[in-house]
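For reference, the structure is listed below as structure tokens.
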Amino acid sequence: MDSKEWETLVGSVRKQIDDLRSALAQNESAAAIAKSTLQEAKQNVEALLDGPSNPREVFYKLPLTLQALTSQKLVGVFLLGNDGKVVLHHGSGQRLLGIDPVSNKLPTGCFFDGMTEERIKDGELPWERCLRGDDVTGSIPLVMRDPRTQEELHLEVTAIPLRNNADIGGVVTLFRDKTETVKAGKFIKELCHTLEKQLGGIEAAQRELKLFANKLSDSAPEAPAENPPAEVPSSKRVLIVDDIPVNQQLLQMRLKKFGVEADIANNGMEAVNACKKNKYAVVFMDIDMPILNGYEATAEIRKIDGSHHTPIVALTSFDRDLEKRECFEKGMDDFVVKGDKQGRVREIVDRFVFGKSADAVGAQPDMEQPATDELKLDQVWLKKTFGEDTDNVISAFFGSVAMLLNCLEFALEDKDLREVTHFAFSLKGPCSIVGANSMASKAAALVEDAEKGQWSEASKKYIVLRQMFRQYQQSAGAKNQSGAFVI
């Protein structure tokens with residue numbers, strides 16, 4: 001297979017992934033419409049209950065209002081008396097939830113929290129809390145699981161009390177069945193995850209073949225040249241080694257602001273081969289990479305250094321003393337946390353690229369930091385930091401973080417600590433760089449929970465991460481070419 005055929009194959013897989021993301025966006029758009037219908041139904045019922053001065057008016061208007069709502073077939077209704085028995089229900093309600101024919105009550109013991117998947121205790125379902133007098137606001141995601149077949153019904157429920165002064169005479173429970181939307185979304189995500197893995201394998205195979213071709217080329221005898229090429233001299237170029245494309249792009253753009261050009265390597269093996277051909281002023285080396293990790297690549301580069309010592313600066317999302325010590329012990333010259341303050345990167349550039357002495361470099365002043373993010377990007381700060389590259393930075397951020405969140409979700413489902421750590425800290429880097437500090441902190445906290453085996457807490461933080469990301473998207477108007485949000 002030649003290079004053109006490889007590119008065609010890669011392009012085909014990428015198109016399938018883009019199509020799946022578009023389908024996922026449409027699926028989520030349909031879910032949002034259904035959710036707004038449920039909220040509108042709740043507002044209509046509340047307006048009826050709060051409006052009339054004559055309580056009798058409620059009793060003859062309420063059935064008509066509920067009948068109008070259920071005719072849409074997007075919203076279901078249960079009307080419960082103060083004893084918890086079903087007084088009225090939507091035609092499909094019996095089929096969906098299985099009202100007990102003896103007690104005429106809704107079932108218990110088979111409901112789970114739609115966010116955490118924890119079983120809901122008896123007496124804590126929304127309609128039960130409402131009958132008890134608790135304040136139940138908003139809509140609540142529930143999963144009803146058949147104990148025999150483990151079939152799941154995904155619902156979104158809201159409950160409204162029927163009050164007579166201080167007494168509660170019953171409760172109106174509105175719900176929507178979102179099972180098909182949830183199943184479709186999960187199926188699309190799994191397909192997307194599978195294709196992304198395949199794409200990674202294809203690209204890795206392509207790189208391996210290139211490496212093999214380079215080795216064959218290096219070992220082949222060369223014809224004598226009249227003027228043999230001189231050894232590439234030390235230059236002001238640097239090498240960025242990272243397997244996450246967005247991290248490559250963002251650091252490359254930061255270095256460009258300092259007047260420094262950078263080459264890119266996607267893993268440790270590519271870095272070693274690049275250092276065989278060029279003598280770089282400094283190598284920014286990621287630690288966690290496939291084929292050869294940062295430590296292994298550093299060891300190989302030290303073998304070929306000869307009289308020229310290549311400055312290698314560790315790039316990692318881990319901000320821990322243990323990692324820092326290990327980097328120095330493994331032969332690296334310095335340490336930078338991804339998303340670290342601008343002044344720290346400038347200090348490295350001045351020392352290794354421009355050859356300034358330690359006294360001349362000193363502690364570099366940090367550039368103005370972004371405002372407290374409040375779940376929106378500081379556009380003014382981004383413009384000052386990245387200039388004409390700002391739009392590219394924002395686009396790279398949203399596109400890559402959407403993909404990393406999907407990967408993190410599957411890693412959490414598998415309770416794979418190594419992969420959870422990798423993807424969470426891969427998220428932390430770009431979030432820190434663009435000033436999305438709330439997400440960066442939450443990603444780091446998620447890893448701490450996973451390391452303790454607290455998977456339920458880690459999953460809750462993941463849900464918050466997704467909610468934060470959507471808010472960043474909405475505040476920035478981050479959309480793809482089809483006009484749908486990129487996640």
Side-chain angles (χ1 to χ4, degrees), residues 238-244 247-248 250-251 254-255 265-272 274-275 280-305 308-353 355-359 361-364 366 416-433 437 440-454 458:
V238 305
L239 179 65
I240 298 171
V241 191
D242 201 308
D243 63 324
I244 304 295
N247 290 334
Q248 301 169 356
L250 294 177
L251 181 54
R254 292 172 79 183
L255 293 170
N266 296 293
N267 56 60
M269 181 64 77
E270 289 187 17
V272 173
C275 288
Y280 290 100
V282 63
V283 175
F284 288 95
M285 180 77 74
D286 185 27
I287 301 301
D288 186 12
M289 295 182 295
I291 305 180
L292 282 183
N293 65 34
Y295 297 138
E296 294 166 339
T298 298
E300 292 301 312
I301 291 170
R302 291 291 174 245
K303 292 177 183 177
I304 62 176
D305 261 350
H308 170 78
H309 176 84
T310 303
I312 300 177
V313 176
L315 269 181
T316 179
S317 296
F318 293 87
D319 189 9
R320 300 171 180 171
D321 290 337
L322 178 64
E323 278 76 26
K324 293 178 183 179
R325 286 199 302 271
E326 187 170 9
C327 287
F328 289 117
E329 289 169 359
K330 294 295 175 85
M332 295 178 168
D333 298 271
D334 213 323
F335 182 102
V336 170
V337 177
K338 293 178 184 178
D340 208 349
K341 295 177 180 179
Q342 293 275 359
R344 180 77 180 106
V345 177
R346 183 57 185 266
E347 178 188 339
I348 296 293
V349 168
D350 280 347
R351 179 151 48 105
F352 292 114
V353 179
K356 294 183 180 180
S357 65
D359 292 337
V361 172
Q364 291 294 320
D366 292 322
D416 187 329
L417 178 58
R418 187 183 182 283
E419 291 299 306
V420 166
T421 303
H422 174 73
F423 288 120
F425 276 111
S426 294
L427 271 172
K428 182 174 174 283
C431 288
S432 299
I433 288 172
N437 299 317
S441 300
K442 189 64 66 176
L446 184 154
V447 172
E448 291 179 5
D449 287 335
E451 288 176 336
K452 296 173 185 175
Q454 297 174 348

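These values consider heavy atoms only, across backbone and side chains, with no hydrogens, waters or symmetry-generated copies.
Residues forming a side-chain hydrogen bond (donor to acceptor under 3.5 Å, both in side chains) with Lys452 (at least two apart in sequence, or on another chain): none. Under the rule for a side chain to side chain contact (heavy atoms under 4.5 Å, CB included), the partners of Ala265 that lie at least two apart in sequence or sit in another chain are Leu239, Val241, Glu270, Ala271. Ala314 meets the side chain to side chain contact (heavy atoms under 4.5 Å, CB included) test with Ile287, Cys327, Met332, Phe335; sequence neighbours excluded.
A 4.5 Å side-chain heavy-atom check between Leu255 and Phe284 finds at least one atom pair inside the cut-off. Between Lys428 and Val447 there is no side-chain heavy-atom pair separated by less than 4.5 Å. With contacts defined as side-chain heavy-atom distances shorter than 4.5 Å, the pair Val272/Glu296 does not qualify. Between Gln248 and Asp286, every side-chain heavy-atom pair lies at or beyond the 4.5 Å cut-off.
The structure places CD1 of Ile312 at 4.0 Å from CD1 of Ile301, a figure rounded to the nearest 0.5 Å. In this structure, SG on Cys275 lies 9.0 Å from CZ on Arg302, to the nearest 0.5 angstrom. Glu448 contributes atom CD, which lies 11.0 Å from atom OG1 of Thr421 (distance to the nearest 0.5 angstrom). Residue Asn293 holds its CG atom at 9.5 Å from CE of Met285, rounded to the nearest 0.5 Å. Expressed to the nearest 0.5 Å, how far CG of Leu315 lies from CG of Asp288 amounts to 12.5 Å. Atom CZ in Arg346 sits 12.0 Å away from atom CZ in Arg254 (nearest 0.5 Å).
Using a 4.0 Å cut-off between charged nitrogen and carboxylate oxygen, Glu329 and Arg325 do not count as a salt-bridge pair. Between Asp449 and Lys442, none of the side-chain N atoms (NZ, or NE/NH1/NH2) sits under 4.0 Å from a carboxylate O, so this pair counts as no salt bridge.
Scanning all heavy atoms of the two residues, the minimum distance from Pro430 to Ser426 falls at CD-O, 2.8 Å. Nearest heavy-atom pair across Ala424 and Ala443 is O-CB, 3.6 Å. Heavy atoms only, all atoms of each residue included: Phe352 and Val313 are closest at CE1-CG2, 4.0 Å. Shown here for Ala458 and Leu446, the closest heavy-atom pair between the two residues is O-CD1, 3.4 Å.
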Run the numbers on Leu251 and Asp242 for side-chain contact (heavy atoms from CB on, under 4.5 Å), then give the verdict. CA-CA 10 Å; Leu251 181 54; Asp242 201 308; over 6 Å; no
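Judged by distance alone, with hydrogens and angles left aside, the side-chain atoms of Asp305 form a donor-acceptor pair with the main-chain N or O of Thr310 at under 3.5 Å.
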